[in-house]
Each structure stands twice: as C-alpha cells, then as structure tokens.
Asks: 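This is the structure I have questions about; it appears just below.
As the structure is a prediction and not an experimental result, all values here were calculated from the model.
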Amino acid sequence: MAPALLTAIDSTSHVHLIVGSNPLAGARCSRSLEVGAKPILIAPEDATLHYGLVKRIDEGEVLWLKREFKESDLSSLGRAEVDRVVDAVFVTVGGKQNLSTNISSLCRRLRIPVNVVDAPNLCSFTLLSTHSDGPLQIGVTTSGKGCKLSARIRREIAASLPPNLGDAVDRLGTIRRRIWEEDHAVELFQDLEIEDEDVGQSATFNKLITMESVEAARGRRIRWLAQICEYWPLRRLAAISDADVEALLRNYTCSHPTKFDRPTTSNTTPSGQIILAGSGPGNPDLLTRAAYKAIQSADLILADKLVPSAILDLVPRRATVHIARKFPGNADKAQDELLELGLHGLKSGKVVVRIKQGDPYIYGRGGEEYAFFHSHGYTPTVLPGITSALSAPLFAAIPATHRSVADQILICTGTGRQGAAPDLPEYVSSRTVVFLMALHRLSSLVHSLQVKGYPVGLPCAVVERASCPDQRVIRTTLEHVCAAVEEEGSRPPGLLILGTACTVLHQYHQKWVVEEGFTLQNVAVEGDLATLAAPAA
Ligand code: SAH
C-alpha cells in the first residue's frame, strides 16, 4: 500500500456529521470542537448518549438530530458557501453495518471525506494520533496497523521533545514576521525616497548603496534565522526568550558584531585557559576522553553550528554555550565575533573550550584560532578529533585503502576561497578522494572532475551526517551522483567519496542506492537495549 498523503486541514466553521451514539461519537464531537468545526450528531431519539456528550448538546455546542441518517443530510446540512455539502462524515456505528457501507459510498461519490470506525476499506481518510503544543502539532499514523502502537509512538516522540517547544515555535514565528515587516517597512521608506528624488534631489549613487546594503542585511537576517532553526540544539531553541529574540533582531539590524575590550597587553596576567577540541563526526561516543573532559570542565563553550546537539547535550549546565553565526557571506564576521567572545572569557579567568566538528586542524580554521589566542598571550591546548573525512568512509563500509584497489587517500575541499572553484587533483586510479564542503556545488564539481579526466563510471558515495542517527549513504557513480542528490535531497553536513574503494564491500547495479541510519555496534550506549534483551547466563 502506498503511504497516505498527510495534510493539516483548517477546519474552522466546517460542518462535521457524526453518525452514531456510542462513546466514540462523543470523542469525535470533542475533536471536531477542538479544531473549530461544528459537529452535528445523528442518532435516534432513544439512543443512550454519554454524559459528556449530553452536556455538550445541552450547552449548544453539538447539534443532535434525533433521527436516522438520510441521504439528503450529506448535501443539506453543510455551510451555505459550499452549497450545503457537509465537510466531513464520521461513522461510529462500525463497518459491519449496511448503513456504514452505504454512507461510505455516498460520501465518496460526493467527494466528502468519510471515516468509518474499524473499517479501513470504507474510509477515505483516517485521523492521526496527535500531540499538540500551541502551534506545534505532531501526528502519527501506522497506516492502520495498530492505533495503540501509534499512540505509544506519539507519546514517545512527544516525551523526547524539550518542554515549551510550542512557545518557541511561536516566538520564532514572531521573529520571522518581524523581519518581514521591518524589511517591508524599509521598502516603503525606499519608495518614499524615490519619490523625493523625483521632486528634484539627485542622489542616485547614494540610493544604490542603500538598496544594496538593505538587500544584504535582509538576506543576512533571514539566513541567520534559517540557520538557527536548522542547527541550534532543540533544547536551546525551546528555551529561546524574548531577550534572545531582541538580540537576534538587533544584531542584524546594525551589522557590526558585539564589541569587547581591547586585546590583553603584556602587563596584564592572563588567567583563563583555552582548549581547542575536536568533537569527532557527530556521535558523542566518538569523542575522545580528553575532549569529553574538556567539555566537562568548561565555563564557556564556543561551538560551530556543525557540532550536533548530542554533543552539546554533554555541556554542564553552568557553562555558557555560544554557537557561531556562520552562514554563507557571514563566515569571517562570525569567526571574529567568536574569537572576541573567547578572549573576553579568558580575560575574566574562564575555561574556554572551543569545540570544532571533526578534527580542529582539518578544514576547521584551527590553525588560525591557535595563532589568534597565542598572539593575545593564551596558548591553546589542542585536542584532536576523529575527522569526518576518514570516519565517514568507514561508517559507509568503504575501506579508504584496500590492497590492490586503493593505496592512497586524499582529503580535499570542494569549495575554494570565497566560494570559488578549487584546484582539483589529477585522476589517479588507485586513489580514494574525499571531498569536504562539496555537496552544495556538486554539479559544477562533477563537471570539472570529468573535464579533468575522471571516468564517468567511477564509483562514488555521498555520506551525510555520518555517525548520527540519521546518517545516509548514497552509493552511485560520477555519472549519476548529481541526479541522485537532486532526487534524494540534501541532509547536511555531507561529503563525497570517489574511487574504486567504494565498491570493495558493496556492489550495486542500480544507478544509485540509498542506505539510511547508523548503528554503533558493540558499543554500550545509554539504556542499551542489548543488555535488556540478553537473557542472564
Ligand atoms: N574539521 C571537520 C571538517 C570541517 S569542514 C572534520 O575534520 O570533519 C565541514 C565539512 O565536513 C562539511 O562540509 C562536510 O563535508 C564534512 N562533515 C563534517 N561532519 C560530517 C559528517 N558527520 N558527515 C559527513 N560529512 C561531514
């Protein structure tokens, strides 16, 4: 069976027909009222109704038509604006009755969504097991395989969410709206200026600059918001406060970073400690013990957006976490801001831990950061991390070197300085090449590789979110990799692996294959199911 199309229907003022009188009919009426619809109950006068339902009828919330169902009900009880056709029908009398079958086929003919209890074949839609928290709604369906199970899954999902997420969704919605409104106000203002100009002031040059910088600021704020939503740990997002909202808006209205004291001069004694630590590819079990201890000892954590929340979850409560506001076009500014924050912390005697995804010295600007702190009198302790460049191939079951297949491995970037195309390495058939930061410009990279002589049939793999629960591996060839990524969508961060090593442990004959998920076998994780399941010897 194909999966159903899940949708959210605005049911305000809709007319829902509920046929039947059992407790389920009461539950359906309540659900209709919750979503702003008007329930009409059809049940004979002598029916025994649940106490709660009687109360709702008495209070006028539910209209009870004390009679049997009539075919004409479907097209006479609805809203005037839709020619009196009702918006949905819920039959609660069960699928075995002729009445249910009859109503179901009438509804289908009139294209009225119909749901019959315990009769999936008579339903044109089913209700989801839902969790609501303000504007945030989560719905689960098992496609009719078990409603108890879907309720359980829904509960587990809801329980795993941080508290107040609904409020946060509201707040973030407010930010979006405010950014939009402010940008819109700027537009109006520009229009006025242009009118002024028509009156005789010629300031075309100035106007151009204004437009450009407004445009730039506009893009920056919206991108920053998108980045927050994508990369901040959910716990942090859920705790977003009005003050945070103000700070976000302010910081990107005036486009200079927060200023701190001047750098330390030689006559002040540095007292803080700075540790540059690699976090590994993402899974907290892949942190080194040294990095873990550093995180535990931190007063101030400076992280990149790539550092996943599972790692930030290890940060002790007393420590402050700052996540770099890096996104295309803002990388340098965000980096300066982060370094200044670090310096400020060091001067006030803090243990500052700069966490970098993977290994700090592999495409992590670790060297620059070392030099910066060193030049201000603080010598960083640098802790290595497992780099994604070497671990992602492993987690994708690709041995980067393999006897008589690949005897060298090259790590390179798919993006040159300022986003330009990088110099590409020559094709060597016995080499495995790993491209970081490449997927956002994959098609031009693949084109350049082919021009450089890389064969179209060369096996390759795209590994995304390596070592995280949502790891995905796409195995393909240079010829099909762009189509594959376009069709499967992107799940950053990800990298590209090229070379015959890709097919050592996995053969495939399709244009591409996709593998989802990650398991760290034989590693005891928190609440390890294996230990629960294993019978005592
Ligand atoms: N210092 C990092 C690399 C930073 S550059 C390291 O050693 O891993 C950022 C790039 O790393 C991303 O564009 C992506 O190509 C890659 N990357 C980082 N984490 C990854 C992961 N978990 N899975 C796949 N690629 C990852």
Side-chain angles (χ1 to χ4, degrees), residues 3 280-283 286 306 308 357-358 362-363 386-415 424-425 427-522:
N283 191 305
L286 298 172
L306 281 185
Q357 167 85 346
I362 299 208
Y363 296 117
I386 296 180
T387 177
S388 62
L390 296 177
S391 57
L394 180 144
F395 292 132
I398 296 169
T401 68
H402 190 79
R403 196 145 47 116
S404 76
V405 173
D407 56 11
Q408 41 181 279
I409 168 161
L410 182 69
I411 300 173
C412 43
T413 172
T415 310
L424 294 178
Y427 173 64
V428 177
S429 62
S430 65
R431 180 191 278 166
T432 304
V433 189
V434 181
F435 279 101
L436 306 187
M437 298 177 281
L439 298 184
H440 62 281
R441 52 178 306 276
L442 188 63
S443 55
S444 77
L445 176 68
V446 167
H447 176 75
S448 314
L449 285 168
Q450 290 183 1
V451 170
K452 194 102 188 171
Y454 283 69
V456 287
L458 187 64
C460 66
V462 170
V463 187
E464 291 164 291
R465 304 192 57 78
S467 84
C468 300
D470 52 352
Q471 167 177 304
R472 182 174 68 182
V473 181
I474 303 177
R475 302 182 198 278
T476 178
T477 55
L478 205 52
E479 183 180 5
H480 299 299
V481 66
C482 293
V485 168
E486 202 162 295
E487 187 157 326
E488 304 296 336
S490 80
R491 195 179 290 179
L495 47 75
L496 173 72
I497 307 167
L498 291 179
T500 320
C502 291
T503 44
V504 167
L505 301 181
H506 275 270
Q507 307 285 327
Y508 43 89
H509 305 289
Q510 303 93 314
K511 286 181 179 169
W512 66 79
V513 292
V514 181
E515 288 158 23
E516 290 273 358
F518 174 80
T519 40
L520 244 193
Q521 271 156 13
N522 305 326

Asks: For residues 428-438, run the donor-acceptor check on the side chains, cut-off 3.5 Å, and write out each pair with its distance to 0.1 Å, sequence neighbours left out.
Replies:
residue, atom, partner, partner atom, Å
Ser430, OG, Asp407, OD1, 3.0
Arg431, NE, Gln408, OE1, 2.7
Arg431, NH1, Glu426, O, 3.2
Arg431, NH2, Gln408, OE1, 3.2
Thr432, OG1, Ala400, O, 2.6

Asks: Sequence neighbours left out, what passes salt bridge (charged side-chain N to carboxylate O under 4.0 Å, His left out) with Glu464? Give chain and number order.
Replies: Arg472
Asks: Under the side-chain hydrogen bond (donor to acceptor under 3.5 Å, both in side chains) definition, can you give me all pairs with a residue in residues 487-499, not counting sequence neighbours?
Replies: Glu488-Trp512, Arg491-Glu516
Asks: Yes or no on side-chain contact (heavy atoms from CB on, under 4.5 Å) for Leu496 and Leu445, after CA distance, side-chain angles and deciding distance?
Replies: CA-CA 11 Å; Leu496 173 72; Leu445 176 68; 4.0 Å; yes
Asks: Quick check: closest heavy atoms across Ser467 and Phe395, and the distance to 0.1 Å?
Replies: CB-CE1, 3.7 Å
Asks: Using a 3.5 Å distance criterion without hydrogens, assess whether the side chain of Arg441 forms a donor-acceptor pair with backbone atoms of Gly414.
Replies: yes
Asks: Which of these, Thr476, Ile398, Ile497, sits in a side chain to side chain contact (heavy atoms under 4.5 Å, CB included) with Cys460?
Replies: Thr476
Asks: With a 3.5 Å cut-off and sequence neighbours excluded, list the donor-acceptor pairs that the side chains of residues 499-507 form with protein atoms.
Replies:
residue, atom, partner, partner atom, Å
Thr503, OG1, Thr500, O, 3.0
Gln507, NE2, Thr503, O, 2.9

Asks: Quick check for you: to the nearest 0.5 Å, what is the distance between Arg465 atom CZ and Asn283 atom CG?
Replies: 11.5 Å
Asks: Got a sec, which pairs hit salt bridge (Lys or Arg N to Asp or Glu O under 4.0 Å) with one end in residues 386-398, sequence neighbours left out?
Replies: none
Asks: Taking only residues at least two apart or on different chains, which pairs with a member in residues 502-512 satisfy salt bridge (Lys or Arg N to Asp or Glu O under 4.0 Å)?
Replies: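 Found none.
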Asks: Drop me the distance from Ile411's CD1 to Ile362's CD1, to the nearest 0.5 angstrom.
Replies: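 Ile411 atom CD1 to Ile362 atom CD1 measures 4.5 Å (nearest 0.5 Å).
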Asks: Can you run down the side-chain hydrogen bond (donor to acceptor under 3.5 Å, both in side chains) pairs that involve residues 386-404, sequence neighbours left out, and say none if there aren't any?
Replies: none
Asks: Tell me, which pairs form a ring-ring contact (aromatic ring centres under 6.0 Å, His included) where one or both residues lie in residues 442-477, sequence neighbours left out?
Replies: Tyr427-Tyr454
Asks: If you take all heavy atoms of Gly457 and Thr477, which pair is closest and at what distance?
Replies: O-CG2, 3.6 Å
Asks: Might you point out which heavy atoms bring Pro308 and Gln357 nearest each other, and give the distance in Å?
Replies: CD-OE1, 3.7 Å
Asks: Quick one: closest heavy-atom pair of Arg475 and Ala397, and the distance?
Replies: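 Heavy atoms of Arg475 and Ala397 come nearest at NH2-CB, 4.3 Å.
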Asks: Taking atom CD of Glu479 and atom CG of Leu458, what is their separation to the nearest 0.5 Å?
Replies: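 Glu479 atom CD to Leu458 atom CG measures 11.5 Å (nearest 0.5 Å).
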